[in-house]
**Q** 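Quick one: this structure, given as structure tokens, is what I'll be asking you about.
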Amino acid sequence: MFAKIFTAVAAISILIVLVMALMVALWMREGFARYLLRGELARFDELATSLAERGQNGWAEFDEDPQLWAAFVHAHAPLPSRSPRFPPEAPPPPRPDNPPPFTLGDDNMRLEKRIVLLDRDGNQIAGHIERSALFERRPVCANNTCAGANLLGYIGLNAPMEQRDASDTFFLRGQYASLALAALIAIALSAAAAFIIARQLLEPVRRLEAGAKTMAAGNYTARIKQDRSDELGQLIGHYNTLAATLEQTAKAEREWISNTSHELQTPLAVLRAQIEALQDGIRQPDDKTLTEMHAALMRLSRLVQDLKTLSYGREAELTSSIEQEDLPSLVKQAAETMRSKLSAKGIELELNLPMQMWVPCDRGQIGQVMDNLLENAFRYTDGPGQIRVNLQDGEGFAQLTVEDTPPAAPEDDGDKLFDRFYRVEASRSRAHGGSGLGLSVCRAIVEAHGGTISAGRSELGGVQIVIRLPKQAV
């Protein structure tokens, strides 16, 4: 992986450097040639002055007689630049009376093949040549000004096919060598940058790889140090969140298995003791013994049913029989079932229900919710006491409130009341036969119906449970 990233980054950097070096070399060659061409054209002062003197009436004679234009150029063109073989103090060689065709070297650099005379509109007058890619021109002006009618025309000049002399070639070679050295330095720096980038990218990836292996081995306690804020840093943060979630889930699963085993053990132990007592002849299969065994069996059956409800709490089969039901009638039915039991403990049941309120729900499941809420209030409300049930019509939902008199759960335990096997006082709960699953089952059923359930402090001094069920099917 490191080699791939390093190679990719280095290759891209090297390619960019090479392309830039090639483009700079081409631009340098063209720019230097254009610089030389402009320098050469700037030496044609005598020719420009002579053309200005003759150009007041135009240069028609040059167009009619090309030889006259060639002779005029030869007579007024500058001599070649002084080369090193002429000492600085020596005067330039005299111009001959009948000069030969002016040349700067081989045939490709002959002046008569490169120079042209143009009018003020850029139309060619003399010097019938084809313009090359490198073509420059200088104005020919009267009275030392080029404004308005004083602009007579232009002298145009093509660049030679080759460099003028060895010094120009030497200069370009030096520039190319400097450019090549700069490109090599840039490539070396690019390789170093590619190495650093590849290492910076792979270091958190390696940490994530090690963390993933640790997590795959079942250790969810390991965390990765988050020391960066980019996308890889965010990925590390997501990994740590996932590890914390899995750790919490694993802990909850262990607690779930432990609590389930413990809750199942109690009725099983009662049944086992009763059966062994019958087998040993210690007890007789009379009504009392059978009643105790049946009670233990029913407790075991309810516990298994609650576990099943929680297991399928978020699946469709939990609410497979959704129909429009009259919610007040369901509440009344559950209340009448519990009324005698509540009266025996000295607990008054108060119902504040509308005449009708239709909601889409599973009749059996919502009935189980009411049974669990009233049973929970019965177990944990001291007698004499009171349980109040209110049903109100909200905007788009039905709000059912069940509240009781003291004792109340601690304020910090409001959300924990719906946790599986949670008990505010474990010994007291088991003494009353509670498994700690009643409110958990209520939450699973209510949420499966698209509703919400919450717990808080009641105005009566005890616990208040608030349920909201949507009045439209979800």
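In what follows, every heavy atom counts, from backbone to side chain, and hydrogens, waters and symmetry copies are set aside. Quick note: residue numbers are just sequence positions, from 1. No experiment lies behind these values; they were computed from the predicted model shown.
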**Q** Could you measure the distance from the CD1 atom of Ile282 to the CG atom of Asp280? Nearest 0.5 Å is fine.
**A**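 Going from CD1 on Ile282 over to CG on Asp280, the span is 5.0 Å.
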**Q** According to side chain to side chain donor-acceptor pair (under 3.5 Å), does anything in residues 234-247 pair up with another residue at least two apart or in another chain? List the pairs.
**A** Arg223-Glu247
**Q** Kindly indicate whether the side chain of Glu348, heavy atoms from C-beta on, has any atom under 4.5 Å from the side chain of Leu342.
**A** no
**Q** Measure the OG1-CD distance between Thr452 and Gln399 for me, rounded to the nearest 0.5 Å.
**A** 8.5 Å
**Q** Going from CG on Leu18 to CE on Met23, what distance comes out if it is rounded to the nearest 0.5 angstrom?
**A**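 Reported to 0.5 Å precision, the distance equals 13.0 Å.
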**Q** Could you tell me whether the side chains of Glu403 and Ser458 share a donor-acceptor contact shorter than 3.5 Å?
**A**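 Indeed, the side chains of Glu403 and Ser458 share at least one donor-acceptor pair under 3.5 Å.
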**Q** Does Asp287, at its CG atom, have more than 12 non-hydrogen atoms belonging to other residues, nucleotides or ligands within less than 6.0 Å?
**A** no
**Q** Strictly below 4.0 Å, N to O, side chains only: are Lys345 and Asp382 in salt-bridge contact?
**A**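 Here Lys345 does not pair with Asp382 in a salt bridge, since their nearest N and O are not under 4.0 Å apart.
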**Q** Any ion pair linking Arg206 and Glu203 (charged N to carboxylate O, less than 4.0 Å)?
**A** no
**Q** Tell me if a side-chain donor or acceptor on Gln226 pairs with a main-chain N or O of Gly233 at a distance below 3.5 Å.
**A** yes
**Q** Calculate, to the nearest 0.5 Å, the distance between atoms CD and CE belonging to Glu375 and Met370 respectively.
**A**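 The distance works out to 12.5 Å.
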**Q** Work out which heavy atom in Glu350 is nearest to a heavy atom in Gln386; give both atom names and the distance.
**A** OE1-NE2, 2.7 Å
**Q** Is it the case that the side chains of Gln464 and Arg457 hold a donor-acceptor pair, with the cut-off being a distance below 3.5 Å and no angle test?
**A**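 Short answer, no.
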**Q** Would Thr289 and Arg283 count as a side-chain hydrogen bond (donor to acceptor under 3.5 Å, both in side chains) here? Give the steps.
**A** CA-CA 8 Å; Thr289 302; Arg283 302 192 64 174; 3.2 Å; yes
**Q** Do you know which two heavy atoms are closest between Val359 and Ala398, and how far apart they sit?
**A** CG1-CB, 3.9 Å
**Q** Under a 4.5 Å cut-off applied to non-hydrogen side-chain atoms, are Val140 and Leu118 in contact?
**A** no
**Q** If you compare all heavy atoms of Asp326 against all heavy atoms of Met355, which two are closest, and at what distance to 0.1 Å?
**A**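 Looking at all heavy atoms of both residues, the shortest contact is OD2-O, 4.1 Å.
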**Q** Specify the closest pair of heavy atoms between Leu235 and Leu208, including all atoms of both residues, with the distance to one decimal.
**A**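 In terms of heavy atoms, the two residues are closest at CD2-CD1, 3.4 Å.
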**Q** Quick test of your reading of the model: are Glu336 and Lys332 salt-bridged, counting only N-O distances below 4.0 Å?
**A** no
**Q** For the residue pair Ala222 and Ala243, what are the closest heavy atoms and their distance?
**A**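 Closest heavy-atom pair between Ala222 and Ala243: O-CB, 4.0 Å.
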**Q** Quick check for you: to the nearest 0.5 Å, what is the distance between Leu469 atom CG and Leu327 atom CG?
**A** 6.5 Å
**Q** With side chains defined as the heavy atoms from C-beta onward, is the minimum distance between Ile453 and Ile465 less than 4.5 Å?
**A** yes
**Q** Once rounded to the nearest 0.5 Å, what's the spacing between atom CD1 of Ile366 and atom SG of Cys442?
**A** 9.0 Å
**Q** Go through it in stages, so that I can follow the logic: the residues are Leu400 and Arg468, the test is side chain to side chain contact (heavy atoms under 4.5 Å, CB included), and I'd like the CA-CA distance, side-chain angles, deciding distance and then a yes or no.
**A** CA-CA 6 Å; Leu400 178 65; Arg468 290 187 175 186; over 6 Å; no
**Q** Can you establish whether the number of heavy atoms outside Gln248 located under 6.0 Å from its atom CD is more than 12?
**A** no
**Q** A side-chain contact here means heavy atoms from C-beta on lying under 4.5 Å apart; do Arg388 and Val402 qualify?
**A**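 A side-chain contact is absent here, since even the closest heavy-atom pair is not under 4.5 Å.
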**Q** Heavy atoms, side chains only, cut-off 4.5 Å: are Phe378 and Asp404 in contact?
**A**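 Side-chain contact under 4.5 Å: no.
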**Q** Any side-chain heavy atom of Lys225 within less than 4.5 Å of one from Arg207?
**A** yes
**Q** Which atoms form the tightest heavy-atom contact between Pro406 and Gly461, and what is the distance?
**A** CG-O, 3.6 Å
